[in-house]
Amino acid sequence: MYVVVIKAMVTDTSSLSGKRILLIIGGGIAAYKSLLLIRLLNGAGASVRCILTRAGAEFVTPLSVSALSGDKAYIDLFDLTDEHEMGHIELSRDADLLVVAPATADLMARMATGQANDLASTALLATDKPVLCAPAMNVRMWEHPASRRNMAALRQDGVLFVGPEEGDMACGEYGPGRLSEPEDILAAISSVFVRKTTPGALSGRHVLVTSGPTHEPIDPVRYIANRSSGKQGHAIAQAAADAGADVTLISGPVNLGDPKGVRVVHVETAGQMLEATEDALPADIAICAAAVADWRPVSATNSKIKKTAGTEVPELQLTENPDILKTLANHPTRRPQLVIGFAAETDDVLKHAQEKRLRKGADWLLANDVSEQSGVMGGDSNTIHLITGAGVDEWPLMSKQAVAERLVARLASALEDGTPKIDAAQ
Ligand code: C5P
């Protein structure tokens, strides 16, 4: 099959026009790429103000930074002139987004522990704006448990990430740790500002969303489940409602509040989820974001299975659950105009997801990497490959909310085109 891959490089950067970026340049050999990033940001209509860490200033000169950004390069916390002109609080408050590129191991450690011992870390601690990190460091430093912990803590705090990439490193080693290319960092920055969907863009449309895991009972106290948090499905339901859609959310058991302005049906099992989904038809769009259990115990016992000394370990007999996405996509009479699925994969993400789209009969499939190192499961961000009949669109790492808004914007424009069936799977 011929697949067109649209690289992040061609991402629309119009959302950057008029945006103010505070770029924090850490001290690593990759700092030279930040100079190109300044140019790219300026070219996309954003203004850039730069903070150099002391080590950053060893790799790129304040003169180059200031010549490219058209502003002075800020370095010192205790520079009274700066405090008079533009203090560290104003520096971070005056920006729409803080970008740390390269984010070195040291800077990430200081961010993760809330230190404020230079201008860069102080601005990062003082900000109430989103922060995007582009890490770059030696592969062993990147893989060190301390860096893993810091990365996890920063993700937990809502910091967004782009990269690092895998490849040859300046130190002669090979592996993950290379700073993402400036074009990819630019794409990640612009995705933060993707315009919220126009209010009313989906008005008059009924959007059906499945979300969360399912629980398949073994007995009254035990069940089979999975790690899905429901964050992505719930964010989509919210974004669709914000765009004026009439939304029915069929939710498995999650620790999330119901999205506002959405009709929510709470279910436990895959069987109940299918029933609730079919009851909610007709719909214009169905988005199956739930992580439905593939199998369920053949029959759940009515009383708790006892663990009795000397008796054999009970055998669990499983049977296949109904496939909700496939059922909707192949519905003989009430197939939604657009049926969208997710594919959570741990390896060969694109290949498996493309096969899945065809096998299930979905129009679009959003594939994401849920391997342990991706931090997607239960986390707040996601890297999506949108697979349609026309090819693959690679989205940079973004928050689950931004994924939801981008998907809804895409749905609105697809439906606006009036194409009755947008990307029929074949
Ligand atoms: O087959 P797999 O679970 O990887 O497929 C993922 C996609 O299929 C998701 O969109 C999920 O919501 C949907 N699905 C479903 N019913 C199932 C299994 C998966 O709707 N029983």
Side-chain angles (χ1 to χ4, degrees), residues 207-217 223-237 240 247-254 256 265-281 283 285-298 318-331 334-336 338-371 374 376-377 382-388 392 395 400 403-404 407-408 410-411 423 425:
V207 177
L208 183 56
V209 182
T210 70
S211 180
T214 62
H215 286 181
E216 309 297 333
Y223 55 83
I224 297 176
N226 60 63
R227 294 185 195 281
S228 168
S229 64
K231 283 180 184 171
Q232 186 63 82
H234 277 55
I236 291 169
V247 182
T248 307
L249 170 66
I250 318 287
S251 171
V254 293
L256 300 170
V265 184
H266 294 276
V267 298
E268 291 243 326
T269 66
Q272 292 165 357
M273 189 173 273
L274 176 65
E275 199 182 322
T277 307
E278 289 193 305
D279 282 352
L281 292 176
I285 302 167
I287 303 163
C288 294
V292 184
D294 289 317
W295 306 283
R296 68 177 185 280
V298 169
L318 299 178
T319 186
E320 202 167 322
N321 263 333
D323 191 315
I324 299 163
L325 173 63
K326 200 167 176 179
T327 307
L328 289 174
N330 295 282
H331 203 286
R334 291 186 294 171
R335 184 192 196 277
L338 191 51
V339 178
I340 301 167
F342 273 77
E345 306 285 347
T346 52
D347 52 291
D348 259 343
V349 177
L350 269 189
K351 181 171 166 278
H352 288 134
Q354 280 160 335
E355 286 165 5
K356 190 166 288 177
R357 185 183 86 88
L358 298 179
R359 197 169 62 242
K360 302 231 184 190
D363 298 302
W364 297 359
L365 203 88
L366 286 87
N368 57 354
D369 179 355
V370 291
S371 55
S374 72
V376 167
M377 273 296 190
N382 221 343
T383 305
I384 292 290
H385 313 264
L386 174 65
I387 303 169
T388 71
V392 183
W395 294 2
K400 288 182 177 172
V403 167
L407 175 64
V408 164
R410 181 102 189 219
L411 290 171
D423 278 312

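All ligand and atom numbering here is 1-based and tracks the order in the structure.
Thr214 contributes a side-chain N or O that, together with a main-chain N or O of Ala293, makes up a donor-acceptor pair within less than 3.5 Å. Between the side chain of Arg296 and the backbone N or O of Glu320, at least one donor-acceptor pair lies under 3.5 Å. Under the 3.5 Å distance criterion, the side-chain polar atoms of Asn368 are left unmatched by any main-chain donor or acceptor of Ile384.
Inter-residue side-chain proximity for Tyr223 and Glu268 is flagged as unmet; no heavy-atom pair is nearer than 4.5 Å.
Residues passing the side-chain contact (heavy atoms from CB on, under 4.5 Å) test with Asp348, sequence neighbours excluded: Lys351, His352.
No more than 12 heavy-atom neighbours from other residues, nucleotides or ligands sit within 6.0 angstrom of CD on Glu275.
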Show me the short polar-atom pairs for ligand 1: any N or O of it lying under 3.5 Å from a protein N or O, with distances only.
{"unit_1": "ligand 1", "atom_1": "1 (O)", "unit_2": "Lys360", "atom_2": "NZ", "d": "2.9"}
{"unit_1": "ligand 1", "atom_1": "4 (O)", "unit_2": "Lys356", "atom_2": "NZ", "d": "2.3"}
{"unit_1": "ligand 1", "atom_1": "5 (O)", "unit_2": "Lys360", "atom_2": "NZ", "d": "3.1"}
{"unit_1": "ligand 1", "atom_1": "8 (O)", "unit_2": "Lys360", "atom_2": "NZ", "d": "3.1"}
{"unit_1": "ligand 1", "atom_1": "10 (O)", "unit_2": "Cys288", "atom_2": "O", "d": "2.5"}
{"unit_1": "ligand 1", "atom_1": "10 (O)", "unit_2": "Phe342", "atom_2": "N", "d": "2.7"}
{"unit_1": "ligand 1", "atom_1": "10 (O)", "unit_2": "Phe342", "atom_2": "O", "d": "3.3"}
{"unit_1": "ligand 1", "atom_1": "12 (O)", "unit_2": "Cys288", "atom_2": "O", "d": "3.1"}
{"unit_1": "ligand 1", "atom_1": "12 (O)", "unit_2": "Ala290", "atom_2": "O", "d": "2.6"}
{"unit_1": "ligand 1", "atom_1": "16 (N)", "unit_2": "Ile324", "atom_2": "N", "d": "3.0"}
{"unit_1": "ligand 1", "atom_1": "20 (O)", "unit_2": "Ile324", "atom_2": "N", "d": "3.4"}
{"unit_1": "ligand 1", "atom_1": "20 (O)", "unit_2": "Leu325", "atom_2": "N", "d": "2.8"}
{"unit_1": "ligand 1", "atom_1": "21 (N)", "unit_2": "Pro322", "atom_2": "O", "d": "2.8"}

